[in-house]
Amino acid sequence: MARPIWTGILSFGLASVPVALYTATDSHTIHFHQLQRGTSDRIRNKRVNERTGKEVELDDIVKGFDTGEEYVLVEPKELDEIAPGRSKSLEVSGFVDLDRVDPIFFDKTYYLGPKGREYTKVYSLLGQALTASNRAGIATFVMRGREYLVAVKAEKGLLALHTLHWADEIRDPHKEIPDLPKTAGQASAAS
């Protein structure tokens with residue numbers, strides 16, 4: 001039996017239901033270790049100062065953002081202070097017609113289950129309503145220190161939660177791929 005990776009309250013309007021979030025997919029990626037040829041000894045990476053070549057202790061490492069001219073340094077404590085806290089609820093802020101969501105926005109899928117038998121009726125009613133209306137609930141929540149935009153939709157008798165890409169994360173293919181043919185709308189806009 002799978003263990004939930006997040007638990008909280010799914011709320012929509014005046015109704016709410018305690019839910020648990022489960023991973024919906026397994027990765028079959030093979031992971032290799034680096035070994036020294038002929039010895040099968042594992043290779044370890046060290047943190048080394050790029051300029052001096054000397055090893056650096058973990059306590060002496062900070063993160064920095066390159067502005068192009070200099071680095072803005074950020075201490076681990078500062079990152080902890082600004083990190084979003086774990087969400088205790090998944091509040092649906094609106095509903096969207098599934099036919100209007102471009103598949104490129106979907107990222108990862110999770111299963112949502114009721115957190116106890118006593119909540120199956122409300123859970124089931126929400127699933128039936130989403131199926132009948134062909135809609136998904138849109139929400140944001142924080143999991144593992146990151147805020148996610150999500151769609152909650154009914155699929156095959158259960159609720160699925162799909163993490164979504166934010167609009168600014170979607171690349172314009174006409175800026176990324178050279179030599180694409182122009183569409184009729186682009187040709188008339190260029191003239």
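Computed from a predicted model, the values in this text were never measured in an experiment.
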Hydrophobic clustering (ILVMFWY, side-chain heavy atoms < 4.5 Å, transitive) - are [Y] and [X] grouped together?
X	Y	answer
L130	F105	no
V152	L98	no
V142	L149	no

Original post:
Given the side-chain rings of Y110 and W6, with only the six-membered ring counted for Trp, is the space between their centroids under 6.0 Å?
Top reply: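 That pair fails the under 6.0 Å test.
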Within a reach of under 6.0 Å around [atom1] of [X], are more than 12 heavy atoms found that belong to other residues, nucleotides or ligands?
X	atom1	result
E57	CD	no
Y111	OH	no
Q34	CD	no

Could you tell me if the side chain of [Y] sits less than 4.5 Å from the side chain of [X], heavy atoms only?
X	Y	value
Q36	I43	yes
L112	L90	yes
L10	F141	no

Residues in salt bridge (charged side-chain N to carboxylate O under 4.0 Å, His left out) with [X], at least two apart?
X	result
K115	none
E69	none
R47	none
E50	none

Subject >> Least distance between heavy atoms, A154 atom then G127 atom >> reply: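 Taking every non-hydrogen atom into account, CB-O, 3.3 Å.
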Subject >> Heavy-atom pair with the smallest gap, counting every atom of T7 and A20 >> reply: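 What the structure gives for the nearest pair is CG2-CB, 4.0 Å.
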Just by distance, do the side chain of [X] and the backbone of [Y] share a donor-acceptor pair under 3.5 Å?
X	Y	result
T163	K108	yes
Y123	V19	no
N49	T52	yes

If hydrophobic residues (ILVMFWY) are linked whenever their side-chain heavy atoms come closer than 4.5 Å, directly or via other members, who joins [X] in its cluster?
X	answer
Y71	V62, L73
I30	F32
L125	none

Using the test side-chain hydrogen bond (donor to acceptor under 3.5 Å, both in side chains), find all partners of [X] that sit at least two apart in sequence or belong to another chain.
X	answer
D99	N134
T29	S27
H33	R42

Can you measure from [atom1] ([X]) to [atom2] ([Y]) and round to the nearest 0.5 angstrom?
X	Y	atom1	atom2	result
I177	H174	CD1	NE2	8.0 Å
D107	H165	CG	NE2	4.0 Å
T140	I138	OG1	CD1	10.5 Å
L159	T131	CG	OG1	8.5 Å
M143	I5	CE	CD1	4.5 Å
T23	R3	OG1	CZ	11.5 Å

**OP:** Name all residues meeting the ring pair (Phe, Tyr, Trp, His ring centres under 6.0 Å) criterion together with Y119; count only those two or more places apart in sequence or in a different chain, and write none if there are none.
**Re:**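 With neighbours one apart ignored, the set is empty.
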Subject >> With sequence neighbours excluded, residues passing ring pair (Phe, Tyr, Trp, His ring centres under 6.0 Å) with Y148 >> reply: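 For Y148 there are no ring pair (Phe, Tyr, Trp, His ring centres under 6.0 Å) partners, ignoring immediate neighbours.
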